[in-house]
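Down below is the structure, laid out as structure tokens.
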Amino acid sequence: MEVVLAASALVRRYPTPGGPLTVLEGVDLQVRAGETWAIQGPSGSGKSTLLHLLAGLDRPTSGGVWWGATAVHDLAPEAAARARSGRVGLVFQQHHLLADLTALENVTLPGRVRGRPDRARGLDLLASVDLAARADAVPRTLSGGERLRVAVARALYGSPRVVLADEPTGSLDRASADTVVEALLRAAGADGAAVVLVTHDERVAARADRRAWLDEGRLTGDHRTSDATTRGG
Ligand SMILES: Nc1ncnc2c1ncn2[C@@H]1O[C@H](COP(=O)(O)OP(=O)(O)OP(=O)(O)O)[C@@H](O)[C@H]1O
Ligand SMILES: [Mg+2]
């Protein structure tokens, strides 16, 4: 299968008052079309740092990120934003729904920016996250889990090849968290999008095709879940 997202020898160092802090020390990753990945690791191990690099929201100290054939690490922020649209969907903890727009308008926002929102596609996606009945609701009248599911639908709107999700369930109770992850995996599956999901939840990770563990700057254990008896690699 085609590689839709790749990272090679990815290093990210942050300058700190005590000297440079190396968070990623050479991360390699290859995500193929339609695969689901769960990335786990201790707090502070660099999971969000990695996802920001994969999303083209931050640039590596060295090493590279590719969306298909596009070398993301060479792009300036505006060029990365343009390249991202229609290729990479993001579901981050700060989901930034626009308060004055309905759920449906939030989902079709990328189309509105280009002047031509696809209402039918927006409604299909809301249905795929079980929110068809709330299409006209504004965010403040939705629960936290419902808002996250709107963010999932919005991330899928442009038919991205891959969706990056950073702990989208962190602030929810278990039942709502399960509903969000369920919706993400089902909707992405229906759309053929690969998913890279950062999670602390073992049960969520067990749902992914592949699992990887980030610790001490390295990503290990990209085994298939069905073969997995132990964590790590
Ligand atoms: N802009 C920054 N400047 C300096 N250090 C940073 C910066 N961003 C993150 N760090 C540090 O890098 C390390 C990794 O942070 P990151 O947010 O990627 O961890 P994480 O695995 O996502 O943690 P969590 O599970 O708590 O969300 C931490 O030690 C953090 O303090
Ligand atoms: Mg994090």
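In this text, all values refer to a predicted model and were calculated from it rather than measured experimentally. Read the numbers this way: they start at 1 and go in the same order the structure lists the ligands and their atoms.
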Looking at [atom], what's its closest protein heavy atom, distance included?
{"atom": "atom 26 (O) of ligand 1", "answer": "Ser43 OG, 2.6 Å"}
{"atom": "atom 11 (C) of ligand 1", "answer": "Leu21 CD2, 3.8 Å"}
{"atom": "atom 25 (O) of ligand 1", "answer": "Lys47 NZ, 2.7 Å"}
{"atom": "atom 18 (O) of ligand 1", "answer": "Thr49 OG1, 2.6 Å"}
{"atom": "atom 10 (N) of ligand 1", "answer": "Tyr14 CE1, 3.4 Å"}
{"atom": "atom 12 (O) of ligand 1", "answer": "Val23 CG2, 3.2 Å"}
{"atom": "atom 17 (O) of ligand 1", "answer": "Ser48 CB, 3.7 Å"}

> Taking side chain as C-beta onward, heavy atoms only, is Trp213 less than 4.5 Å from Pro42?
Replying inline: yes
> Is the closest side-chain heavy-atom distance between Arg119 and Leu104 below 4.5 Å?
Replying inline: yes
> So, Arg13 and Glu25, do they make that salt bridge, N to O below 4.0 Å?
Replying inline: no
Will you find, in the side chains of [X] and [Y], an N or O donor that is under 3.5 Å from an N or O acceptor?
{"X": "Tyr14", "Y": "Thr49", "result": "yes"}
{"X": "Arg87", "Y": "Thr70", "result": "yes"}
{"X": "His200", "Y": "Glu167", "result": "yes"}
{"X": "Ser45", "Y": "Asp215", "result": "no"}
{"X": "Asp136", "Y": "Thr102", "result": "no"}

> What do we get for Glu167 next to ligand 1 when only non-hydrogen atoms under 4.0 Å count, side chain, backbone, both or neither?
Replying inline: neither
>> Measuring from non-hydrogen atoms of Gly44 to any atom of ligand 1, is the shortest distance under 4.0 Å?
In response: yes
> Does ligand 1 have an atom that lies less than 4.0 angstrom from a heavy atom of His52?
Replying inline: no
> Is atom 30 (C) of ligand 1 close to the protein, meaning a heavy atom under 4.0 Å from it?
Replying inline: no
> In terms of hydrophobic clusters joined by side-chain contacts under 4.5 Å, are Val181 and Leu142 together?
Replying inline: yes
> What atoms of ligand 1 come closer than 4.0 angstrom to any heavy atom of Pro42?
Replying inline: 21 (O)
> Under 4.0 Å from any heavy atom of His200, which atoms of ligand 1 are there?
Replying inline: 25 (O)
> Should we count CG of Asp173 as having more than 12 external heavy atoms under 6.0 Å?
Replying inline: yes
> N/O/S atom of Ser48 under 2.8 Å from the Mg ion (ligand 2), yes or no?
Replying inline: yes
> If you measure every N/O of Thr16 against every N/O of ligand 1, is any gap under 3.5 Å?
Replying inline: no
> Below 3.5 angstrom, do we get any N/O pair linking Gly46 and ligand 1?
Replying inline: yes
